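Before any comments, here is the structure.
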Amino acid sequence: MEKTEANSLKNKARGGKSTYDPFSISLKWQSKWEEEGIYQPDLQNAKRPFYNLMMFPYPSAEGLHIGSIFTFGGVDVYARFKRMQGYDVFEPIGLDGFGIHSENHALKTGTHPFEHAKTTEENFYRQLHSTGISFAWKNKLETYDPGYYRWTQWLFIELFKAGLAYKKKSPVNFCPSCKTVLADEQVIDGKCERCSSIVEKRDLEQWFFKITDYAERLLNNIEGLDWSHKVKVAQKNWIGKKTGINISYDVEGIGTEVTVFTTRPDTNFGATFIAIAPEHPLVMEITTPENKKAVKAYIEQSAKKSDIERTAEGKEKSGVFTGSYAINQLTGYKMPIWVSDFVLVGFGTGALVGVPGHDHRDFEFASKFGLEIKRVVVGSDGDTSPITKLEQVQEEEGKMVNSDFLNGLDIHDATEKIMDYMEEKGYGERVSTYHLRDWLISRQRYWGPPIPMIFCKECHDKGESWFTTDEGRKHHELDRDDPENQHTFGWYPAPELPVELPYVENYKPLGTGKAPLANYPDFYEVKCPRCGLPATRETDVSDTFLDSAWYFLRYLATDSDEAPFPSSKFKVQSSKLNGRECFLPVTMYIGGAEHSVLHLLYARFVTMVLKDLGYLDFEEPFSRFYAHGLIIKDGAKMSKSKGNVINPDVYIKKYGADAVRCYLLFLGPFNQGGDFRDSGMDGMSRFLKRVWKLFVDSELDGNMTPGAMSMMNETVKGVTEDLEELRYNTALSKLMIWYNFLVKQEKLSREEGETYVKLLAPVAPHMTEELWSIFGNAFSVHTSAWPTFDTKAIVHETVKLAVQVNGKLRAVLELDQVSAKDEKKVRELAEKEPSVAKFLEGKSVKKFIYVSGKILNFVAI
RNA sequence: GGGCGAGUGGCGGAAUGGUAUACGCGAUAGUCUCAAAAACUAUUGGUCACUGAGACCUUGAGGGUUCGAGUCCCUCUUCGCCCACCA
C-alpha cells in the first residue's frame, strides 16, 4: 500500500499523467465491453463471418488452472486480431458439464451432481470473466441444460432412424471402478482413461453408433483438412485401414469353413496352423467331442482375464487344440485349428493363419506347441537354414522360396500375384479392415442425457419396431429376416423430448451392468408408443462425447428452442435462425492434441451423418484445427496428485490479466507450451509498465523520420504475419524491439502511438483499451481497424554486407543503398578491408559470390 | 515393436540455405538513495590472448550435398508424445 502510494507520488512529481493500475483498468473495461456488446456479432447479417472456437472445458470444482489461461488467451488473441481485421468474429464459450468426470467429483464430495454443477458453473464463469476474453457471452451453453440435451437426444434418434444406432450384446470394456462400459477410445493401455483401473471384458447389451460405416470417408477426407499434422496422423492411425485378403479354408470333416484375414498371403505356402479367438462364434462347432471340455475351460478362463492380462508381460502364448484341421489349398497341408486369446475377436475375422517362419507371434506360438515351422522367404542375410530361433524370423523383406510359382519373387510382388491367384480360384477375396470399432454409446451412469428410447416386449416378440411403422418404412427399409436387424425389434424413439434426467437421491453407479435409473420405476415405466402396452424406457445415459460431438452447432442457436442449430431444413419454423449457418463450418478450431482421436473423430462423424440427412451442407466441421501446447510445471504435467497445479487467480491479482496472458504466450511457441516459472512474470509485467509509461508521458506530437517510418512498417508487417500463424512469442518480441527503438526517440508521433497500441491490443486488451481512451480516441480499440503496412516504406539507408572468405565471416561492410548494388565496387571495397586482405594474401580467387544486399564470399585457394 | 516430433548460451527461446545465439529471464557492475526496493545505464556463448588488435571453437554425435548448413540428405544417439499380441 505504502509503496504504491509512494510510487504514484513520484510519478506525479515526474509529471506522469496516471499510474498503471491493471486491476482497476481491467474491471472498468470488462464491464464496458459487456455493456456495449462489442463481442456479440450479428449472427444473422454477418458480412464476414469468422467462427473462432475453442474446445469447451469440463468444469472442476477447483476452477481454471494456469493452463486454461494459456489456451483461452491464445485463442482470444486470434479472435481479437481477426475482429480488428474486419471480420464478424463469433467466439462462444460453454461448459461440457455432463459426464463421469463431474459425476465422480460429485460422488467424492458427497454433493448431488445437480448442486455440484450449479456451484462449479458459477465459479467457472466468474473466473473466466476476470480474464477479459472476448466471448459472446449471450450464446453460452451447458450440456446438462435440458434445453441443450433435448437436442442431444434428438440427434440420437436421428441416428437411430437412419439405421446408424443399434443395440447389441457383445464383449465390451467395463471399468470396475467407474462401474460402466467404455468406448474403445477411452481405454488407454488396457486401463480406464479417467481412473486408470484395469478394464474388464463383459458381455453386455449396449447401444452402438455405426461409425465404421463412415471409416472410409473419415479417412479419405483427412488429406484435405487444414489441421495440425500430428492430429491428422493420429486419426489415420486410429482408423487403421489395412488392406489384405480374407482366405476361407475348409474344415476337414465338419462341413464348414473358417475365414482368416491376412496382409501377407505371399507366405501362405508356409502356413502351418490356424488360430481363432475364444469369442469366435465358430469355436464350439469345429471342436471335436473329445476336445470340448478343454476348449470350454480355456474359453471360460480367458473370458475372466482383462485385455491387459491377456497381453501382459512376456507375452507368453496360451492356447488349446480344437481337434479339427483346415486344409491349405496351396499345399494340401492339414493345418491344426487352435483357440488362442492372442487372437482378437474384433480385428479382421477373429481368426488368423499362422506362418511361424515369418511372423514373430506365430513363431512363439508354434514353438510353444510344437507346430511345424517352414521357411518360405530368404532375407538379405542369405540365411536358408531351417528356422529354429526367433532372430531368424524374417518379416520385413526378402525373396520367396519353397513356394511353387512364387519362387524367386520379391515378397511384395508375390503378395499381389498370390492375391490375384486366390481370387481367381475363389479361395479368398481382397478386403480392407479397420482398427476403428463402432462407437459404444451407452453408459451405466447417472450424470448424462437418458438415451431417449423405449422398449416394448410385446412388439419385440412380434418382430415389430419403429422401422415397421409407416413412418419408419419411409426412413429406412429393414429386412426383418436378417439376423443383423433383429436387435432393433421392440425399440421406439421416445415420442417427447427431452426425456428429462430426474433428480434422484441414489445416483451411485450400481456395477451390475444396469444404470442407477433402473432402480426408479417412475422413470422407466411407460406405455409403448405403438401398441400402448406397458413398456420400459432405456435407463442408460449416453456417452459424454456425444454431448460434445455437436455443441459447435448449438452455439449458433442457444436462443431458440425450435431447432437444434441453424439449417435450411429448419428455416420454415424458425426465422430468427435464418442465415446464421453462414458461420459454419467452424473457421478456426483450437484445442488440445489429446482430443485428436476421441472428440474430433466423433464430431466429424456426427457432422457427416447430419450432412447425409440433409441438415448441413458441409461434411467436415472444422476447416482449420490448431493443436496448442501444454503449460507444464518443473517438466511435469500439472495435476492435483502431484500438487503442482498453479492457480491463476493469485497471479491475475498481482500482475493483472494482461501480464499473465502475455507472459504465458511469450514462454514459447503456442503449439508447444512451456514450463511455468514465476521469474519471467516480473519481466513481462515490467515490459507492460514501460510501454504504459512511454505513451502516457508522451505528447505524441512528433514527426517521423524515414527510419522511424521504416521501423513501424516492418513491425506491423511482422506482427501481422506472426499473429496469422499464431506465433505469439515472436510477435511480442517484435513489439519489444520496436519499443526499444521508440524509447530512444526524442518525440513520438500520434501514428506511432496508435499503431503500437493497436498491435498490442490482442495480447493486452485492457491496458491498450485504457491507452486508446487516454489518447482521446473513440471506444473501442478492439473494434478499430488493424494497421496496414507498406513494404515500400521499409527501407534502410545503409546496408550491412557480410564479407566471407571461404565461407568464414571476415568483415562487415556498411554501404549506402546505391553502392551496395554495384557488384564491382563492393568487391573492390571488400578486398581492401585489412581483415579480408589478410586471408586473401597469397591465394587466388577462384570464385566470387555476391548475394545482393546480404553477403559476399571469396572462394580462394 | 510401430508412428510422429524435438535436441541451439546459466535458463525460456529466435533465425525465407546467406553476419547463429534476436527478444526476454537470470547474472555482474554502475547511477539514484542514509540504506534498500523500484527504476535507469552498461556488460554478458566458450577457449586462448588480454597491452592492443585479434585468433580459434560452438546449434546432441558422425558423415554427405553446397561457394556457404542450426536449416537439405544419410547413419547413430537422447528425450517427449501418440498407438500397440492389429494377423
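Nothing here was measured: the structure is a model prediction, and the numbers come from that model. Chain letters run A, B, ... following the sequence lines, proteins first and then strands; every chain starts at 1.
- Whole-Å rounding puts the D184(A) CG to C86(B) P distance at 15 Å.
- Remark: S685(A) engages no residue in a side chain to side chain donor-acceptor pair (under 3.5 Å) (not counting sequence neighbours).
- Using a 4.0 Å heavy-atom criterion, one finds that E594(A) contacts no nucleic acid atom at all.
- Of the residues listed (N328(A), I245(A), V260(A)), the one engaging N268(A) in a side-chain contact (heavy atoms from CB on, under 4.5 Å) is N328(A), and it is the only one.
- Less than 4.0 Å separates RNA chain B from at least one heavy atom of each of the following residues of residues 831-845 of chain A: K838(A), F839(A).
- Between N729(A) and G24(B), a side-chain N or O to OP1/OP2 separation shorter than 4.0 Å is absent.
- For R690(A), taking side-chain heavy atoms from C-beta onward, the closest of the listed nucleotides C25(B), C67(B), C40(B) is C40(B).
- Of the listed nucleotides (A14(B), C83(B), G24(B)), G24(B) has the atom at the smallest distance from the side chain of F666(A).
- Listed by chain and number, the residues in a side chain to side chain donor-acceptor pair (under 3.5 Å) with Q301(A) amount to none (sequence neighbours excluded).
- Nucleotides G7(B) and G13(B) have their P atoms positioned 10 Å apart, rounded to a whole Å.
- An OP1 or OP2 oxygen of C85(B) is reached within less than 4.0 angstrom by no side-chain nitrogen or oxygen of H360(A).
- Between U21(B) and U31(B), the distance separating the two C1' atoms is 29 Å to the nearest Å.
- Between R810(A) and C56(B) there is a side-chain polar atom (N or O) within less than 4.0 angstrom of OP1 or OP2.
- RNA chain B contains the following stems of three or more consecutive Watson-Crick or G-U pairs, with both distances under 3.5 Å: B:1-7 with B:77-83, B:10-12 with B:23-25, B:26-31 with B:39-44, B:45-48 with B:54-57, B:60-64 with B:72-76.
- C85(B) atom C1' lies 8 Å from atom CD of E364(A), rounded to whole Å.
- For the P atom pair drawn from G30(B) and A37(B), the interatomic distance equals 13 Å after rounding to whole Å.
- Residues forming a side chain to side chain donor-acceptor pair (under 3.5 Å) with T212(A) (at least two apart in sequence, or on another chain): D438(A).
- A cation-pi contact links R827(A) to F848(A), judged by a cut-off of 6.0 Å to the six-membered ring centre and 45° from its axis.
- Close to C23(B), at under 4.0 Å from its OP1 or OP2, lies no side-chain N or O of K734(A).
- The only member of L371(A), V393(A), V355(A) that meets side-chain contact (heavy atoms from CB on, under 4.5 Å) when paired with F363(A) is V393(A).
- A distance of 6.0 Å or more separates the ring centres of Y434(A) and F347(A).
- Checking the phosphate oxygens (OP1, OP2) of C57(B), a side-chain nitrogen or oxygen of K808(A) falls inside 4.0 Å.
- U41(B) and C32(B) have their C1' atoms separated by 11 Å, with the value rounded to a whole Å.
- In G80(B) the O4'-C1'-N dihedral to the base is more than 90° from 0, which defines an anti nucleotide.
- Checked by distance alone, K317(A) brings a side-chain donor or acceptor within 3.5 Å of a matching partner on the base of C85(B).
- A ring-centre distance under 6.0 Å is found for W738(A) and Y756(A).
- Counting heavy-atom neighbours within 6.0 Å of K846(A) NZ, excluding the residue itself, gives a total of 12 or less.
- Atom CG of D697(A) and atom P of A39(B) are 16 Å apart (whole Å).
- Residue V233(A) is in sugar-phosphate contact alone, with no base atom involved, counting any heavy-atom pair closer than 4.0 Å across all strands shown.
- By the 6.0 Å contact criterion, NZ on K232(A) is enclosed, its count of non-hydrogen atoms from other residues, nucleotides or ligands being greater than 12.
- The side chain of R686(A) contributes no N or O atom lying less than 4.0 Å from OP1 or OP2 of G24(B).
- The shortest distance between the side-chain N/O atoms of N237(A) and the OP1/OP2 oxygens of C86(B) is not below 4.0 Å.
- Applying the side chain to side chain donor-acceptor pair (under 3.5 Å) criterion to H599(A), with sequence neighbours excluded, gives Y589(A).
- Nucleotides C85(B) and G62(B) have their P atoms positioned 39 Å apart, rounded to a whole Å.
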